[in-house]
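What follows is a set of notes on a single structure, which appears directly below.
Atoms within each ligand, like the ligands themselves, are counted from 1 in listed order. Note: hydrogens, waters and symmetry copies are ignored here, and every other heavy atom, side chains too, is used.
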Amino acid sequence: MPVIWHILGAGSLGSLWAARLARSGLPVRLILRNDARLADYQAQGGCLKLIEDGREQPIAISAQTLASDEPIQRLLVACKAYDALPAVQSIANRLTADAEVILLQNGLGSQDAVAAALPHARCIFASSTEGAFRPQDWQVVFAGRGHNWLGDQTEQPPPRWLSELSDSGIAHEWSGNILARLWRKLALNCAINPLTVLHDCKNGGLLDYAEEVSGLCDELGGLLQACGQSEAAQGLHDEVQRVILATAANYSSMYQDVAHGRRTEIRYLLGHACAEGQRLGHPLPRLNQLQARLIERLGQRGVRTD
Ligand code: NAD
Ligand code: KPL
């Protein structure tokens with residue numbers, strides 16, 4: 001019997017994973033917050049609608065609430081970074097002794113917090129470049145093909161269920177250095193996202209602020225070296241330039257969060273970089289100033305600053 005994929009956080013990325021796993025015939029359970037959400041889901045037909053290449057496909061998936069007593073052996077956590085720990089804590093009593101927990105959060109900091117709260121579970125970190133959004137509840141658009149890197153900090157072999165991701169068409173790779181992947185994405189996000197908020201522009205608008213971007217890349221590269229992530233520091237500036245050009249017409253995820261008045265993941269991106277600099281005694285004048293300016297701007301826009 002295949003192990004059930006429990007999905008905590010039926011938002012954009014969680015729905016995208018759930019829909020593809022369920023479509024390939026694997027057992028999947030969405031874990032919803034409460035009875036009201038579950039009733040709404042059932043009333044809409046008990047299925048997620050996956051929109052891919054312009055075509056919508058309804059995919060029936062079982063759902064339950066946090067309060068269900070079904071044991072959880074494999075948990076995919078797809079909440080935002082700031083929600084991951086409280087969400088996991090609320091179902092920790094349901095995890096089996098051999099549970100595996102896959103953490104899809106962007107940035108760094110939330111994964112270690114979850115792993116520390118679950119000392120008996122195998123926690124696998126993921127870094128995703130796929131893109132998804134929800135035009136409405138229980139509907140998800142697969143907006144950007146990408147890749148998922150998974151890895152952990154143990155010497156254990158990769159989990160056998162990676163073949164289930166292949167069967168489900170989920171592009172992935174086991175990474176021997178997942179922290180380098182996560183740090184690299186964090187650095188890219190720090191060099192681009194806050195500036196798009198501060199300059200109120202699309203990613204391509206940063207071509208007008210080349211010196212500011214370049215100064216941040218220098219400092220981020222130095223921080224990565226100081227953190228022992230020299231692999232993640234290689235060619236950072238060039239990649240930031242490539243990403244700015246390739247995504248010139250897009251608004252960054254942080255820009256979109258702020259535009260919609262949503263809380264950002266600042267604490268796990270720029271906040272994590274600045275906190276690591278302080279912890280290591282590594283000066284980061286530009287990043288610290290960027291953080292202060294961003295917090296001020298979030299406050300002005302009425303968005304949570306933490
Ligand atoms: P999202 O806001 O669309 O989904 C998160 C879901 O978690 C929401 O439905 C929320 O209600 C749910 N949730 C939060 N706390 C919960 C709880 N206690 N119990 C049950 N459900 C709970 O977020 P997302 O865009 O899917 O992002 C998830 C993570 O993936 C983030 O860290 C994000 O940075 C990262 N990511 C997202 C994308 C993307 O394209 N959406 C791409 C790469 C990485
Ligand atoms: O990941 C991104 C985001 O918007 O969050 C990119 C496009 C790389 C910009 O940092």
Side-chain angles (χ1 to χ4, degrees), residues 6-18 29-34 36-38 40-41 48 63-68 75-92 102-111 114 125-149 181-182 184-197 201-206 213 216 220 239-258 260 262-270:
H6 282 87
I7 313 282
L8 180 57
S12 305
L13 220 50
S15 297
L16 180 64
W17 277 65
R29 302 280 189 280
L30 300 177
I31 305 180
L32 307 179
R33 280 178 197 270
N34 51 40
R37 289 293 288 161
L38 183 57
D40 186 62
Y41 178 69
L48 288 178
Q64 57 187 220
T65 66
L66 295 165
S68 161
L75 179 69
L76 180 75
V77 183
C79 306
K80 293 279 191 180
Y82 47 76
D83 281 329
L85 179 62
V88 167
Q89 281 170 327
S90 67
I91 46 96
I102 301 120
L103 298 163
L104 273 185
Q105 287 60 51
N106 202 11
L108 279 161
S110 69
Q111 301 89 340
V114 170
F125 300 0
S127 178
S128 178
T129 57
E130 294 190 315
F133 68 91
R134 278 178 301 167
Q136 56 190 52
D137 267 357
W138 320 122
Q139 193 180 45
V140 60
V141 176
F142 191 178
R145 308 259 163 204
H147 204 79
N148 298 282
W149 286 269
R181 287 263 165 212
L182 285 160
R184 176 69 163 210
K185 177 113 192 288
L186 181 152
L188 278 168
N189 287 162
C190 286
I192 297 174
N193 299 11
L195 287 182
T196 63
V197 175
C201 65
K202 293 182 176 173
N203 292 353
L206 298 185
V213 173
L216 290 176
L220 285 160
E239 194 180 351
V240 167
Q241 285 307 318
R242 272 200 303 277
V243 170
I244 288 176
L245 288 170
T247 62
N250 300 352
Y251 286 109
S252 76
S253 55
M254 186 178 274
Y255 182 100
Q256 293 181 47
D257 283 340
V258 176
H260 290 102
R262 292 190 298 248
R263 184 177 178 184
T264 70
E265 294 183 302
I266 178 177
R267 176 169 164 202
Y268 303 91
L269 296 166
L270 188 52

Do [X] and [Y] have side chains that get closer than 4.5 Å, going by heavy atoms?
X    : Y    : result
L103 : S110 : no
Y268 : Q105 : no
T247 : I192 : no
V240 : I244 : yes
N106 : N189 : yes
E239 : L188 : yes

Polar proximity ligand 2 side, S252 side, N/O cut 3.5 Å exclusive: no
Distance-only N or O hit between ligand 2 and N106, under 3.5 Å: no
Polar side-chain atom of S90 near backbone of A87 as donor-acceptor pair, under 3.5 Å: yes
Whether S68 side chain and Q64 backbone form a donor-acceptor pair below 3.5 Å: no
Under 4.0 Å from a heavy atom of [X]: which atoms of ligand 1 are those, numbered in the order shown and with their elements?
X    : result
L66  : 19 (N)
A87  : 17 (C), 18 (N)
G131 : 40 (O)
R33  : 10 (C), 11 (O), 13 (N), 14 (C), 15 (N), 16 (C), 17 (C), 19 (N), 20 (C), 21 (N), 22 (C)
D83  : 14 (C), 15 (N)

The one among [options] that brings a heavy atom closest to [atom]:
atom                    : options             : result
atom 4 (O) of ligand 1  : G144, G146, G11, G9 : G11
atom 2 (C) of ligand 2  : T247, N189, L188    : N189
atom 29 (C) of ligand 1 : S15, C79, S128      : C79

Who's the nearest protein heavy-atom neighbour of [atom], and how far?
atom                    : value
atom 41 (N) of ligand 1 : A132 O, 3.2 Å
atom 23 (O) of ligand 1 : K80 CE, 3.4 Å
atom 34 (O) of ligand 1 : E265 OE1, 2.6 Å
atom 9 (C) of ligand 2  : N193 OD1, 3.2 Å
atom 7 (C) of ligand 2  : N203 ND2, 3.9 Å
atom 3 (O) of ligand 1  : S12 N, 2.9 Å
atom 5 (O) of ligand 2  : S253 OG, 2.5 Å

Side chain to side chain donor-acceptor pair (under 3.5 Å) evaluation trace for N34 with T65: CA-CA 5 Å; N34 51 40; T65 66; over 6 Å; no
Does ligand 1 have a heavy atom under 4.0 Å from the side chain of [X], from its backbone, from both, or from neither?
X    : value
E130 : backbone
T129 : neither
A78  : backbone
A10  : backbone
L13  : both

Ring geometry between Y255 and Y251 (parallel below 30°, tilted from 30 to 60°, perpendicular above 60°): parallel
Partner residues of R263 under the salt bridge (Lys or Arg N to Asp or Glu O under 4.0 Å) criterion, sequence neighbours left out: D306
Test of proximity, Q105 against ligand 1: N or O pairs below 3.5 Å: no
Test log, rule side-chain contact (heavy atoms from CB on, under 4.5 Å), inputs L30 and H6: CA-CA 6 Å; L30 300 177; H6 282 87; over 6 Å; no
Non-hydrogen atom of R134 closer than 4.0 Å to ligand 1: yes
Crowding at CZ, R267 (>12 non-hydrogen neighbours, <6.0 Å): no
Atoms of ligand 2, numbered as shown, that sit under 4.0 Å from any heavy atom of V243: 8 (C)
Any side-chain donor near an acceptor of the partner, D257 and T264, under 3.5 Å: no
Within 45° cone of Y41 ring axis and under 6.0 Å: R37 NZ or CZ: no
